[in-house]
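Notes to accompany the following structure.
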Amino acid sequence: MNATSGDDREGPTSNSGTDFIREMLKQHSSSGPYGGRVQTRFPPEPNGFLHIGHAKSICLNFGVADEFGGTTMLRFDDTNPETEDERFVEAIQEDVRWLGFEPEQNVYASDYFDRLHSWALELIKKGLAYVDDQDAETISENRGGFTTPGLESPWRDRSVEENLDLFARMTAGEFDEGSRVLRTKIDMNHENMQMRDPVMYRIRNQHHFRTGDRWKVYPTYDWAHGQSDAIEGTTHSLCTLEFDSHRPLYDWYLEQLGQGPGRPRQTEFARLNLTHTVMSKRRLLQLVEEGHVDGWDDARMPTIRGLRRRGYPAKAIRDFAGHIGIAKVNGTHEIELLESFVRTHHNTNALRRMVVLDPIEVVITNWPVDDDGVSRADVREAINNPEDAAAGTREVPFSDRLFIERDDFMLDPPKKFFRLTLGREVRLRAGYFITCTEVETGPDGEVTRLLCTYDPETAGGQAPDGRKVKATIHWVSADHAVDLDVALYERLFTDPHPGADGEDPLASLNPDAKTMKHAKAEPAIGDIAPGDVVQFERLGYFARDLDDDPSSVPTLFHRTVGLRDEWANIQKRQGS
RNA sequence: UGGCCCGUAGUUCAACUGGUUAGAACGUCGGACUUUGACUCCGGAUGUUGCAGGUUCGAGUCCUGCCGGGCCAGCCA
């Protein structure tokens with residue numbers, strides 16, 4: 001198996017296996033030029049961080065290779081020294097691992113620079129490539145348009161000797177950046193613009209993070225990609241839809257180089273888009289640089305690192321990727337679908353804890369006072385995870401002064417509100433039934449404190465006389481509470497399709513995408529390690545911050561995703 | 001404007017490669033259950049399969065035209 005485990009994965013998730021790529025692989029496994037061999041590659045450019053869109057591609061590439069007994073390379077497409085950097089390499093490797101995949105090998109396009117170079121020489125000798133002295137602007141102008149043919153470069157018919165000499169001098173660094181390029185000689189009249197003498201090499205007087213200052217010419221994507229695939233034995237080169245028009249060129253190079261029928265084959269699939277967020281590197285970079293988020297690993301970001309901080313499990317991301325399948329149409333998935341996989345995962349795995357995000361004080365007026373005049377705390381036992389008996393139980397202190405959620409009390413409740421109100425009895429989860437007997441209010445009429453009585457007979461949450469309550473609410477003993485900072489998240493963009501109408505995507509950036517709260521937690525919150533996700537009962541799943549000090553009490557949690565909330569739906573429908 | 005790719009519930013995908021009333025998930029609505037208004041379970045609704053022709057006993061699947069969307073004229077990937 002090609003996958004590693006860092007979590008509870010049981011294997012790569014895939015949909016039913018009926019998509020066009022798996023269909024093709026199925027055929028190629030029984031017949032065809034690859035002898036049943038399957039090798040894929042995930043080829044990120046090390047100039048940014050991976051996001052959920054990359055995760056889809058990673059799951060696809062590693063997933064199908066695994067399903068068909070093949071392997072997957074992690075290949076860094078480091079052909080442009082301008083923007084690439086070692087730190088991205090490390091981050092990408094880490095993210096791929098975290099997602100649960102182990103590459104067969106970590107390789108770099110730059111590993112192949114020598115081979116690529118000698119292949120280029122071969123094409124020059126065959127009269128299929130030439131050095132063009134035109135500048136970028138001229139080349140662009142002369143490429144022609146969709147309906148107009150291109151203009152052949154005046155340098156197109158140089159002799160092989162001159163081309164060889166010039167290219168050698170380009171390689172040696174004799175010329176300025178932009179002064180010359182090596183171009184393929186195909187057809188300036190081709191209906192596919194990609195075939196109008198595409199550039200193979202450009203001069204870059206820049207330091208490359210791997211090859212240093214050795215090279216002065218760097219291969220373009222089109223020249224490097226297919227050949228890299230061929231060198232390392234990739235059979236199926238899966239890429240996104242926009243490379244569709246490059247496929248003829250991809251095939252052309254391989255063919256000219258004499259690669260036989262077993263040569264790699266490019267297949268395109270739709271990239272992933274999600275509602276209420278952006279996915280392009282440029283936009284993500286803009287969010288970071290303009291300070292709209294706190295970095296690439298901000299929990300609001302759709303980056304792998306952001307999702308990880310947010311508490312999205314790798315397994316849920318994999319399940320999501322497998323579920324959505326692949327297609328040849330660019331669409332946009334609802335982020336709710338991803339969230340449902342996150343909830344499903346945490347529902348079965350996350351421990352439960354009680355945390356009050358917006359506390360209001362409750363005094364239990366009939367709580368007993370001991371002979372020495374002191375009111376003592378009681379200890380309740382609570383189930384850690386109703387979905388998993390093995391998770392056991394924990395102790396929760398109960399006393400005469402508690403906090404409950406402000407939302408769980410209404411002085412003048414609407415019809416369908418069945419939580420606490422004056423004169424009504426509710427259950428405190430794993431505690432007792434309490435009845436609100438009196439409400440204290442402040443100068444503006446706001447509720448400041450609730451006086452309640454409890455029924456000692458209902459310890460643990462059952463009434464011996466069998467009477468029922470309509471609501472169970474969570475609570476925390478005030479004197480035992482642990483103070484926490486909690487980050488609540490909403491959609492990063494209010495518009496489900498930011499920028500779809502041609503507007504600036506950032507116009508719908510949600511300023512309230514992050515809200516900080518000071519919360520009160522039960523003491524057992526201390527059991528939760530950084531990075532772990534727990535359910536705050538009735539509220540949602542929350543991840544303890546990755547950078548929180550593991551040796552001390554938790555201080556910061558991020559809301560991964562809220563629980564489904566029927567009450568919120570009711571309120572929405574009632575328009576209040 | 002030319003070329004290529006693509007149009008199936010609100011969304012994203014299925015439909016054994018022409019064969020009965022076009023399915024699933026998420027969402028939505030209703031009900032059951034419930035010490036989380038969660039989870040779970042049961043049930044409902046939403047489609048002129050972009051449109052129009054054609055081939056065929058039979059078309060979401062094949063053909064033609066039209067409409068709509070995406071991509072392509074970087075020395076980015």
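Residue numbers start from 1 in every chain, and the chains themselves are labelled A, B, ... in the order their sequence lines are given, proteins ahead of strands. Just so it is clear, the values below take in all heavy atoms, side chains as well, and ignore hydrogens, waters and symmetry mates.
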Requested in this report: Take A:Asp77 and A:Arg41, measure what salt bridge (Lys or Arg N to Asp or Glu O under 4.0 Å) needs, and give me the verdict at the end.
Outcome: CA-CA 11 Å; A:Asp77 227 330; A:Arg41 98 272 90 109; over 6 Å; no
Query raised in the report: Taking the nucleotide of RNA chain B with the closest heavy atom to each, which residue, A:Ala270 or A:Thr147, is nearer the 5' end?
Result: A:Thr147
Report task. Sticking with atom C1', work out how far B:A9 lies from B:G47, rounded to a whole angstrom. Result -> 5 Å
Query raised in the report: Roughly, in whole Å, what's the span from CD in A:Glu339 to P in B:A25?
Result: 19 Å
Report summary line: When A:Gly331 and A:Glu45 are each assigned the nearest nucleotide of RNA chain B, the 5'-most assignment goes to A:Gly331
Query raised in the report: Could one point to a donor on the side chain of A:Glu23 or the base of B:U17 with an acceptor on the other under 3.5 Å away?
Result: no
Query raised in the report: Which base, if any, makes a Watson-Crick or G-U wobble pair with B:G53, both distances under 3.5 Å?
Result: B:C63
Query - Nearest to side-chain heavy atoms of A:Asp244, which nucleotide of B:A14, B:G37, B:C4 - result: B:C4
Requested in this report: Name the closest nucleotide to the A:Arg538 side chain, picking from B:G37, B:G70, B:C75.
Outcome: B:G37
Query raised in the report: B:G44: syn or anti, with syn meaning chi within 90° of zero?
Result: anti
Query raised in the report: Please give, in whole Å, the distance from B:C75 P to A:Trp155 CH2?
Result: 19 Å
Query raised in the report: Taking atom types as they are modelled, is there a donor-acceptor pair under 3.5 Å from the base of B:G70 to the side chain of A:Glu242?
Result: no
Query raised in the report: Choosing from B:G70, B:C26, B:A77, which nucleotide comes nearest the side chain of A:Leu337?
Result: B:C26
Requested in this report: Choose from B:A77, B:A38, B:C75 the nucleotide whose nearest atom is closest to any side-chain atom of A:Asn80.
Outcome: B:A77
Report summary line: Closest of B:C26, B:C5, B:A77 to the A:Thr220 side chain is B:A77
Query raised in the report: What do you reckon, do A:Phe146 and the base of B:U1 stack, with centroid distance below 5.5 Å and planes below 30°?
Result: no
Query raised in the report: When the distance from CZ of A:Phe175 to C1' of B:C75 is rounded to whole Å, what number comes out?
Result: 16 Å
Report summary line: Across every strand shown, the nucleotide meeting Watson-Crick or G-U wobble geometry with B:C26 (both distances under 3.5 Å) is B:G10
Requested in this report: Mind telling me whether A:Phe398 and A:Trp475 have parallel, tilted or perpendicular rings, with 30° and 60° as the class edges?
Outcome: perpendicular
Report task. Can you tell me the pairing partner of B:A73 across any strand shown, Watson-Crick or G-U wobble, with both distances under 3.5 angstrom? Result -> none
Requested in this report: In whole angstrom, give the distance that lies between atom CD1 of A:Ile335 and atom P of B:U11.
Outcome: 17 Å
Query raised in the report: Parallel, tilted or perpendicular: which fits the ring planes of A:His117 and A:Trp215, with parallel below 30° and perpendicular above 60°?
Result: tilted
Query raised in the report: Is the A:Tyr218 ring parallel, tilted or perpendicular to the A:His208 ring (thresholds 30°, 60°)?
Result: parallel
Report summary line: Sorted by chain and residue number, the side-chain hydrogen bond (donor to acceptor under 3.5 Å, both in side chains) partners of A:Glu334 (sequence neighbours excluded) come out as none
**Report entry** Base-pairing assignment for B:C41 (Watson-Crick or G-U wobble, both under 3.5 Å)
**Finding:** B:G31
Query raised in the report: Expressed in angstrom and rounded to an integer, what is the separation of A:Arg343 atom CZ from B:C39 atom P?
Result: 8 Å
